[in-house]
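Predicted model, so just to flag it, every value in this text is computed and none were measured.
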Amino acid sequence: MAWWQLCEELLHIVFPYLDAVLVEGVGVVDGVVRIAARSRAGTFIPCPDCGHPACRVHSRYRRHLDDLAIGERPVVIDLSVRRLFCDAHDCARRTFTEQIEGLSTRYGRRTPRLQDLLRVIALALAGRAGARLATVLHTVVSRVTLLNLIMALPEPAVTAPRILGVDDFATKRGRIYGTVLIDGESHRPIDLLPDREADTLATWLADHPGVEVICRDRAGAYADGARAGAPDAIQVADRWHLWNSLATAVERTVIAHRPCLGDADPHASSRAAAAPPAERNADTGGEKWVVTRTRERYLAVQRLLARGWTISAIGRELGLARHTAGRYARCENLHGLTDRTIRTTRLDDYRPYLIQRWNDGCTDAARLFREIRARGYPGRTPQAVRRYLRPLRTGTDPAPPPVPKPHRVAHWIMRHPDHLHADEESRLKDIMARCPQLDAVHRHVRAFAQMLCNLQGENLTAWIDAVGADDLPVLHSFAANLHNDRDAITAGLTQVWSSGPTEGQVNRIKTLKRQMYGRAGFALLRRRVLLT
């Protein structure tokens, strides 16, 4: 094969779109690969307005098109094209410039394949980050150009899916929210709405009929919008939100029965409360100043709140932030505040096991450390275990395991029994034996979990009635809330559809927002979500 044939073969492999033109030369000028080419003469080009073929040449001019880099060098194609006459008598256009398919576009300064690459970069990284990546690829482009490429892309056609997922996302957390709509079957986003109002969702549903199932959270606005825009659609409440709301109710119930968590003797708590302050301090080693300050602040806030003061006025009077004053005002149980101020360690849950193993004759701290590591202890060194066992080696009693925190007990109640460690299961049984109300809560949680996992929504009414038969005020509120949205919750506990894919898209939207440092407008965010 001759050398010129090898050159033509190489050009065909590297630049297949140059087959439609005549390549006159290739060279490197100032570190840039420049390819001189011209369009072929004698070919008929249709007029862009009337389509009449034309070949009569008016003039020629040279275009400079940037292309993908090769060998870590930028590439510029110096293309000579023709301007042609349109000889059709009924056409208003007199002259036009020919375009080479796959190589040039009208008013374009880049080849289509470089333009496609920049669009992909812009959709993936947006402005500044995309410009930095383009520089690495030996293409100079500004962040504004990349954003303009995104905004110039046509929006995908919006079609009504059979299964619609609806959820909100924050453009400015706590201030501005939008709504994302996804196809529940393909898990692809189909549209973004600028707010989370019921009227906006109702209007969208009315404009896109055909939705059969709407998966949503417990927000009342989405329920009203779905009811108004698609009255025949089945509303499905999300199961995760149901379980999370139940967990909150369980923790509040455990806080209300906090005295039952630590004393094996059911009368011990009352005796401790009746003891003089000096004796209580002697038993507990003195109260931490943080706990005292928390109690004093709580009482002061509640006192001013009873007088009709506003949260802002209370905060100014006591020197507290408005958020902190509101937290004290909304707190229904002082134990919920003081529990957060008592220091706990990661070893607390494993102390009963260490005592048991010590009584069995195992006194090697390193071995005990390895054993509790296998049981989930997150510590990296055995130092905490050695400190805890030191009083045993000197003949003194170690500190007793602390009273479990309400949130820890609530976590034990909400977890599957097979996933509890032996010591956690033992302590939970002791607590339930001392407190009939928490035992009833545990039974109701197990029944709700079975109903949720096995999609037995037909048992919801019986579960609500069973909760109402027990003295559990917080769970009564939770059950009443379920009753107000009974149809959607029954469907959520029966249908296989859920809001899980929608939550995944919300997390993706958060990633795109953080990538753009929160400065992107809704239009740009919408295009990036829908086009990637």
Side-chain angles (χ1 to χ4, degrees), residues 166-168 214-224 226-227 235-261 326-327 329-337 339-340 404-417 420 428 431-432 435-495 497-500 503:
V166 182
D167 203 353
D168 60 350
I214 300 176
C215 301
R216 59 169 177 83
D217 57 16
R218 303 288 307 285
Y222 290 148
D224 296 339
R227 193 178 302 111
Q235 296 189 37
V236 177
D238 184 51
R239 290 185 288 275
W240 183 89
H241 289 90
L242 294 175
W243 187 253
N244 185 62
S245 299
L246 178 61
T248 303
V250 169
E251 183 173 354
R252 291 176 60 191
T253 303
V254 174
I255 291 175
H257 294 83
R258 182 179 179 274
C260 301
L261 303 184
R327 182 161 56 89
R330 292 188 300 268
C331 181
E332 299 178 358
N333 194 311
L334 179 59
H335 295 306
L337 290 174
D339 283 342
R340 302 177 185 177
K405 302 301 175 190
H407 71 86
R408 176 69 66 179
V409 177
H411 180 65
W412 294 343
I413 294 175
M414 298 299 296
R415 283 178 64 185
H416 193 285
L420 291 173
L428 181 59
I431 292 171
M432 292 188 298
C435 185
Q437 288 82 4
L438 293 183
D439 186 39
V441 169
H442 186 261
R443 291 197 312 271
H444 294 316
V445 168
R446 296 277 72 80
F448 194 90
Q450 183 178 4
M451 180 171 55
L452 186 145
C453 294
N454 298 331
L455 298 181
Q456 299 172 344
E458 64 276 5
N459 298 333
L460 179 62
T461 302
W463 187 88
I464 294 176
D465 294 339
V467 170
D470 292 324
D471 184 18
L472 300 169
V474 179
L475 282 188
H476 290 174
S477 300
F478 173 74
N481 197 6
L482 297 184
H483 182 78
N484 296 334
D485 200 14
R486 182 191 297 265
D487 294 339
I489 294 173
T490 302
L493 297 175
T494 306
Q495 302 281 341
W497 309 107
S498 71
S499 298
E503 295 290 348

D217 side chain vs A219 backbone, donor-acceptor pair below 3.5 Å: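 Yes, because the side chain of D217 sits within donor-acceptor range (under 3.5 Å) of the backbone of A219.
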Testing the basics here: between [X] and [Y], what is the closest heavy-atom pair and its distance to 0.1 Å?
X    : Y    : result
A466 : H444 : O-CE1, 3.6 Å
I431 : W412 : CD1-CZ3, 4.4 Å
A410 : E251 : CB-CA, 3.8 Å
T253 : V441 : CG2-CG2, 3.7 Å
L472 : A440 : CD1-CB, 4.2 Å

Sidechain N-carboxylate O distance under 4.0 Å for D487, R227: no
Any I413 side-chain heavy atom under 4.5 Å of M432 side chain: no
pair Q450-R446: side-chain heavy atoms closer than 4.5 Å: no
Candidate pair S499 and R239, rule side chain to side chain donor-acceptor pair (under 3.5 Å), full reasoning: CA-CA 8 Å; S499 298; R239 290 185 288 275; over 6 Å; no
Pairs touching residues 460-481 that satisfy salt bridge (charged side-chain N to carboxylate O under 4.0 Å, His left out), sequence neighbours left out: none
Test item: side-chain donor near acceptor, H241 and D238, under 3.5 Å: yes
